[in-house]
**Q** 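Okay, handing you the structure first.
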Amino acid sequence: MAFALLLSELINAQSAVDFANLGKYKEDNTTILNTKKKVDVVFMGNSITEGWVKTHSAFFVENNYIGRGISGQTSSQMLLRFQNDVVALKPRLVVINAGTNDIAQNTGTYDPDFTFNNIKAMADIAQSNGIKVIIASVLPAAAFPWRKEITDVPQKVDALNSRLKQYSLNHKLTFIDYNKAMRDEKGGMREGLSKDGIHPEPAGYSIMEPLIKSAVNKALGKK
């Protein structure tokens with residue numbers, strides 16, 4: 001009985017670790033640390049960030065950016081792996097893009113305060129470690145193809161973005177507004193930028209890239 005209980009506790013502990021998928025970038029992170037590579041920018045995010053690296057890896061390589069996006073992840077999962085995937089790499093700056101999957105309720109009921117506080121916590125951790133912070137807006141979304149029962153998606157996205165923008169302003173952080181540049185009149189993704197209304201195609205990333213590169217260069221004092 002005691003052994004069964006111990007086994008159950010071990011399984012639950014392992015599940016808690018797996019929840020953040022800490023292993024996804026473990027090997028890459030170890031290589032960076034072992035070679036003492038200097039990292040300028042880490043992009044923390046979900047499938048939008050992960051897909052960006054796959055779609056246009058040259059943008060990241062040429063600018064010494066590192067992508068740390070994991071498909072499907074919410075802000076709580078990103079917060080759990082923030083130490084491993086961002087702080088440990090000692091970048092000069094982190095770009096935090098979270099919230100889409102929170103609103104989609106990928107890991108439970110959406111609580112805007114919880115999501116906001118997770119993003120705020122990541123920003124606080126970064127700054128306490130001497131890492132500059134750029135907070136990115138949630139991209140436009142009219143609905144989630146995998147969670148069609150969720151309503152008022154544009155309104156929820158706009159409300160979270162408004163809080164993130166105000167927080168950034170109050171704390172003298174850079175807020176990069178992808179949403180404004182990519183939305184249609186109803187608050188969804190503009191036609192031609194995404195096949196599913198959530199994940200950008202190359203045309204979508206081509207809008208995002210000059211925006212974030214300009215913001216990064218300004219924050220790091222680059223010309």
Side-chain angles (χ1 to χ4, degrees), residues 11-12 14-24 43-55 67-82 85 95-123 135-168 175-205 207-208 211:
I11 291 172
N12 288 336
Q14 184 62 43
S15 296
V17 172
D18 289 345
F19 176 72
N21 199 353
L22 296 175
K24 182 173 178 65
F43 283 64
M44 169 59 78
N46 49 43
S47 57
I48 292 167
T49 298
E50 186 175 8
W52 196 349
V53 177
K54 292 178 180 178
T55 299
R68 289 295 179 262
I70 297 183
S71 179
Q73 283 208 339
T74 58
S75 61
S76 57
Q77 292 168 301
M78 294 181 206
L79 178 57
L80 283 172
R81 63 184 177 88
F82 198 80
D85 287 348
V95 179
I96 302 170
N97 187 6
T100 296
N101 292 320
D102 294 60
I103 297 171
Q105 301 187 145
N106 279 19
T107 56
T109 302
Y110 175 54
D111 180 337
D113 291 331
F114 182 69
T115 297
F116 173 77
N117 286 330
N118 286 338
I119 297 172
K120 177 180 177 295
M122 285 188 273
I135 295 179
S137 70
V138 179
L139 270 61
F144 300 111
W146 66 98
R147 294 299 299 273
K148 293 181 180 179
E149 70 275 16
I150 297 175
T151 59
D152 302 325
V153 174
Q155 290 79 6
K156 291 171 182 173
V157 169
D158 289 348
L160 178 56
N161 281 339
S162 179
R163 291 184 71 177
L164 294 175
K165 184 176 182 178
Q166 189 60 52
Y167 170 78
S168 300
F175 178 78
I176 191 73
D177 198 346
Y178 299 134
N179 189 292
K180 184 178 179 181
M182 302 173 74
R183 67 188 286 143
D184 62 21
E185 66 280 0
K186 295 182 179 179
M189 188 82 75
R190 208 164 67 233
E191 188 175 354
L193 302 184
S194 171
K195 288 183 178 179
D196 63 1
I198 301 295
H199 301 92
E201 291 287 290
Y205 289 125
I207 292 175
M208 297 165 66
L211 292 175

**Q** Is the shortest distance from a Lys or Arg side-chain nitrogen in Lys120 or Asp113 to a carboxylate oxygen in the other one below 4.0 Å?
**A** no
**Q** Just by modelled atom types, is the Ala181 backbone N or O under 3.5 Å from a matching donor or acceptor in the Arg190 side chain?
**A** yes
**Q** Do Tyr110 and Ile150 have side chains that get closer than 4.5 Å, going by heavy atoms?
**A** no
**Q** Can you tell me if Gln155 has over 12 outside heavy atoms packed within less than 6.0 Å of its CD?
**A** yes
**Q** Locate the shortest heavy-atom distance separating Ala121 from Leu79; write the atom from each residue and the value.
**A** CB-CD1, 3.9 Å
**Q** Should Met78 and Asn46 be marked as a side-chain contact (heavy atoms from CB on, under 4.5 Å) after you check the CA-CA gap, both sets of side-chain angles, and the distance that decides it?
**A** CA-CA 8 Å; Met78 294 181 206; Asn46 49 43; 4.0 Å; yes
**Q** Is Arg163 reaching over with its side chain to a backbone N or O of Phe116, donor-acceptor style, under 3.5 angstrom?
**A** no
**Q** With heavy-atom distances below 4.5 Å as the criterion, would you say the side chains of Trp146 and Ile198 are in contact?
**A** yes
**Q** Using the six-membered ring wherever Trp is involved, compare the ring planes of Tyr205 and Trp52 and label them parallel, tilted or perpendicular (cut-offs 30° and 60°).
**A** parallel
**Q** Where do Arg81 and Ala20 come nearest, in terms of heavy atoms and distance?
**A** CD-O, 3.3 Å
**Q** Using 0.5 Å steps for rounding, measure from the CD atom of Gln77 to the CG atom of Asn106.
**A** 8.0 Å
**Q** For Asp102 and Thr115, does a side-chain donor sit closer than 3.5 Å to a side-chain acceptor?
**A** yes
**Q** Give a yes or no answer on whether the side chain of Ser75 reaches the backbone of Asn118 with a donor-acceptor pair at less than 3.5 Å.
**A** no
**Q** Looking only at heavy atoms, what is the nearest atom pair of Val138 and Gly99, with distance?
**A** CG2-CA, 4.1 Å
**Q** I need the minimum non-hydrogen distance between Tyr167 and Ala123, along with the two atoms involved.
**A** OH-CB, 4.1 Å
**Q** Side chains of Val157 and Pro140, heavy atoms from C-beta outward: is any pair under 4.5 Å?
**A** no
**Q** Could you grab the distance from atom CG of Asp152 to atom CD1 of Ile103, nearest 0.5 Å is fine?
**A** 11.0 Å
**Q** Does Lys24, at its NZ atom, have more than 12 non-hydrogen atoms belonging to other residues, nucleotides or ligands within less than 6.0 Å?
**A** yes
**Q** What distance do Met44 atom CE and Ile70 atom CD1 have between them, rounded to the nearest 0.5 Å?
**A** 7.5 Å
**Q** Has Thr55 got a side-chain atom pairing as donor or acceptor with Pro202's backbone, closer than 3.5 angstrom?
**A** no
**Q** Could you measure the distance from the CZ atom of Phe19 to the OG1 atom of Thr74? Nearest 0.5 Å is fine.
**A** 5.0 Å
**Q** Do you know the tightest heavy-atom contact between Ala136 and Val95?
**A** CB-CG1, 4.3 Å
**Q** Just verifying a value: how many Å separate Glu201 CD and Met189 CE, rounded to the nearest 0.5 Å?
**A** 9.5 Å
**Q** Which heavy atom in Asp196 sits nearest to a heavy atom in Pro145, and how many Å separate them?
**A** O-CG, 3.5 Å
**Q** Kindly compute the distance separating CG (Leu139) from CG (Asn97), expressed to the nearest 0.5 Å.
**A** 6.0 Å
**Q** Does Ser162 reach the main-chain N or O of Asp158 with its side chain, forming a donor-acceptor pair under 3.5 Å?
**A** no
**Q** Is the shortest heavy-atom distance from the side chain of Thr100 to the side chain of Phe144 under 4.5 Å?
**A** yes
